[in-house]
**Q** 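There's a structure below that I have some questions on.
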Amino acid sequence: MPELPDVEVYRRYFDAKALNRRIDAVHVEAPDLLSDTSPQGLGRLAHGHAFETTRRHGKYLFAGLDSGTWILMHFGMTGHLDYVEDPGDAPPHSQCLFSFGDSGALAYVATRKLGKIGTPSSPEAFVRAEDLGPDALTLDLDGFRDIAAGRRGQVKSWLMDQRSLAGIGNVYSDEILFQAGIHPRRPVGDLSGDDLARLHRSLRSVLERAIEAGADPQSMPEGFLLPEREEGGTCPRCGAQVASVSAAGRTAWFCPTCQPEHNGSG
DNA sequence: AGGACGCCCTGTTCGC
DNA sequence: TGCGAACAGGGCGTCC
């Protein structure tokens, strides 16, 4: 789930459900997820205040309180947000629950507890402290070329490196490489200027269109590889069977025909 | 520097 | 039917 498009959809959901409502109670079910505070500390920070703004950087969501402090959410592999009218109806694995004074509650749900919740002094300070790269959606072609320069590894690893550019994970790196017709294990240094330009265009369009689709795998645009990322899946462009290789410690899915490992000129 | 692992968790699926 | 292994869309630390 939670790569850049998913987290952007969560952010909008957060805005729609949780802004400008007085927080009455904070319940933390999994204190281990709090990276820099305690359940009591989080409660003190939020109690009596309201969220007034949100931001996103890569896969991180930041919620700003009217007191000027911030709460950070990262969703790991299985996290999401769920608003319920009755706090008693919070779904299983609700690790953190913000209850509002008027009614309702926002649940941070994470089955596998691989995410984290923190209280950075600001989004900018957090990005700096974690050494995150620029948000993938804000990067123009020149910036993209800059971060590619000198890079030696495989293109998929590079796209997924949060310190290089923030927001792309396993699924969307596959999609971006597919749309650009580039094999996931191609060395970044071997990519031509045209390859890089194509990759950058794919990056933007894939992320933007995925957000438009609500980051819902069932609703992806025609021609997306995403729903075919499994054994027996077929390429939406040429119909060939998709293949998988291990890259960057994850399973990369791609079309062997549309994404040849070696470019023809070599 | 980059890559291959193992690990953090829990739930689901698949093979025997 | 039951059970263990493998695996799942993230990220960190360690070793080579």
Side-chain angles (χ1 to χ4, degrees), chain A residues 1-10 28-36 56-61 72-81 91-96 108-118 120 126-127 129-133 135-136 147-179 183-191 203 206-207 209-211 213-220 224-233 242 244-254:
Chain A
M1 270 183 245
E3 301 183 32
L4 187 153
D6 311 85
V7 179
E8 177 60 23
V9 170
Y10 297 171
V28 177
E29 189 65 33
D32 286 354
L33 291 182
L34 303 178
S35 61
D36 59 5
R56 182 192 54 72
H57 188 102
K59 303 173 187 175
Y60 293 88
L61 174 60
L72 150 89
M73 295 180 184
H74 183 268
F75 298 94
M77 284 172 88
T78 57
H80 65 276
L81 299 173
H93 308 293
S94 293
Q95 314 295 5
C96 185
Y108 166 97
V109 186
T111 308
R112 284 168 64 188
K113 295 196 273 194
L114 292 174
K116 87 175 164 189
I117 295 173
F126 179 83
V127 167
E130 298 290 311
D131 199 21
L132 294 177
D135 183 79
I147 60 169
R151 197 69 201 195
R152 288 231 151 266
Q154 302 169 352
V155 61
K156 182 178 169 77
S157 304
W158 171 53
L159 291 178
M160 289 175 63
D161 180 357
Q162 304 302 299
R163 288 184 161 80
S164 193
L165 72 170
I168 298 170
N170 195 26
V171 167
Y172 286 104
S173 60
D174 281 357
E175 190 65 53
I176 290 162
L177 289 165
F178 171 70
Q179 300 294 339
H183 190 281
R185 302 192 72 144
R186 285 271 302 279
V188 178
D190 283 6
L191 300 176
L203 183 153
V206 163
L207 297 178
R209 293 165 77 199
I211 291 168
D216 174 6
Q218 311 296 312
S219 312
M220 286 298 146
F224 264 44
L225 177 71
L226 200 151
E228 303 294 329
R229 291 179 76 260
E230 60 186 6
E231 209 60 56
V242 299
S244 65
V245 293
S246 178
R250 296 271 184 298
T251 303
W253 291 93
F254 67 104

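Just so it is clear, the structure is predicted and the values come from calculations on it, not from any experiment. Letters A, B, ... are given to chains in the order of the sequence lines, protein chains preceding strands, and every chain is numbered from 1.
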**Q** Going by salt bridge (charged side-chain N to carboxylate O under 4.0 Å, His left out), name the pairs with one or both residues in residues 157-173 of chain A, residues two or more places apart or in two chains.
**A** Asp131(A)-Arg163(A), Arg151(A)-Asp161(A)

**Q** I'd like to check the side chain to side chain contact (heavy atoms under 4.5 Å, CB included) partners of Ser35(A); sequence neighbours left out, ordered by chain and number.
**A** Lys116(A)

**Q** Mind checking what makes side chain to side chain contact (heavy atoms under 4.5 Å, CB included) contact with Ser157(A), not counting sequence neighbours?
**A**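 In terms of side chain to side chain contact (heavy atoms under 4.5 Å, CB included), with neighbours along the sequence ignored, Ser157(A) is linked to Gln154(A), Ala248(A).
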
**Q** What pairs with Lys59(A) under side chain to side chain donor-acceptor pair (under 3.5 Å), at least two apart in sequence or on another chain?
**A**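 Once residues adjacent in sequence are excluded, Lys59(A) has no partner under the side chain to side chain donor-acceptor pair (under 3.5 Å) criterion.
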
**Q** Just jot down the side chain to side chain donor-acceptor pair (under 3.5 Å) partners of Thr111(A), sequence neighbours excluded, or say none.
**A**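 Scan of Thr111(A) (side chain to side chain donor-acceptor pair (under 3.5 Å), adjacent residues dropped) gives none.
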
**Q** Roughly how far apart, to the nearest Å, are dG2(B) and dG9(C) at atom P?
**A** 23 Å

**Q** At a heavy-atom distance below 4.0 Å, which nucleotide of DNA chain B is the first touched by chain A, and which is the last?
**A** dG2(B) to dG11(B)

**Q** Side-chain N or O of Thr251(A) less than 4.0 angstrom from OP1 or OP2 on dA8(C)?
**A** yes

**Q** When the P atoms of dC5(B) and dA6(C) are compared, how many Å lie between them, rounded to an integer?
**A** 14 Å

**Q** Test of understanding: with side chain to side chain donor-acceptor pair (under 3.5 Å), list the residues that count as partners of Arg56(A), not counting sequence neighbours.
**A**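 For Arg56(A), the residues satisfying side chain to side chain donor-acceptor pair (under 3.5 Å) (neighbours in sequence not counted) are Glu8(A), Asp135(A).
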
**Q** Can you give me the dot-bracket string for DNA chain B, 5' to 3', counting Watson-Crick and G-U wobble pairs with both distances under 3.5 Å, using [ ] for crossing pairs and | for partners on another strand?
**A** .|||||||.|||||||

**Q** Tell me whether the rings of Phe254(A) and His183(A) are parallel (<30°), tilted (30 to 60°) or perpendicular (>60°).
**A** perpendicular

**Q** Going 5' to 3' along nucleotides 10-16 of chain C, which nucleotides have protein heavy atoms under 4.0 Å from the base (write B), which only from the sugar-phosphate (write S), and which from neither (write -)?
**A** BBS----

**Q** When rounded to the nearest Å, what value does the distance between P atoms of dA5(C) and dG6(B) take?
**A** 15 Å

**Q** Applying side chain to side chain contact (heavy atoms under 4.5 Å, CB included), can you list everything that pairs with Thr251(A), at least two apart in sequence or on another chain?
**A** Ser244(A), Trp253(A)

**Q** I'd like to check the side chain to side chain contact (heavy atoms under 4.5 Å, CB included) partners of Arg152(A); sequence neighbours left out, ordered by chain and number.
**A**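 Not a single residue meets the side chain to side chain contact (heavy atoms under 4.5 Å, CB included) criterion with Arg152(A).
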
**Q** How close or far is atom C1' of dA6(C) from atom CD of Glu231(A), stated in whole angstroms?
**A** 14 Å

**Q** Starting at CD of Glu230(A) and ending at C1' of dG9(C), how long is that distance when rounded to a whole Å?
**A**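 To the nearest whole Å, that distance equals 14 Å.
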
**Q** Output all residues satisfying ring pair (Phe, Tyr, Trp, His ring centres under 6.0 Å) with His93(A), sequence neighbours left out; order by chain, then residue number.
**A**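 Testing His93(A) for ring pair (Phe, Tyr, Trp, His ring centres under 6.0 Å), a comparison that skips the adjacent residues, returns none.
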
**Q** Measure from CG on Asp174(A) to C1' on dA8(C) and round the result to the nearest Å.
**A** 14 Å

**Q** Report yes if the distance between the aromatic ring centroids of Phe75(A) and Tyr108(A) is under 6.0 Å, otherwise no.
**A** yes

**Q** What contact category does Ser246(A) fall into here, base, sugar-phosphate, or nothing, at under 4.0 angstrom with non-hydrogen atoms?
**A** nothing

**Q** Considering only the P atoms, how many Å lie between dA4(B) and dC7(C), rounded to the nearest integer?
**A** 16 Å

**Q** With no angle test and no hydrogens, is the base of dG9(C) tied to the side chain of Asp6(A) by a donor-acceptor pair under 3.5 Å?
**A** yes

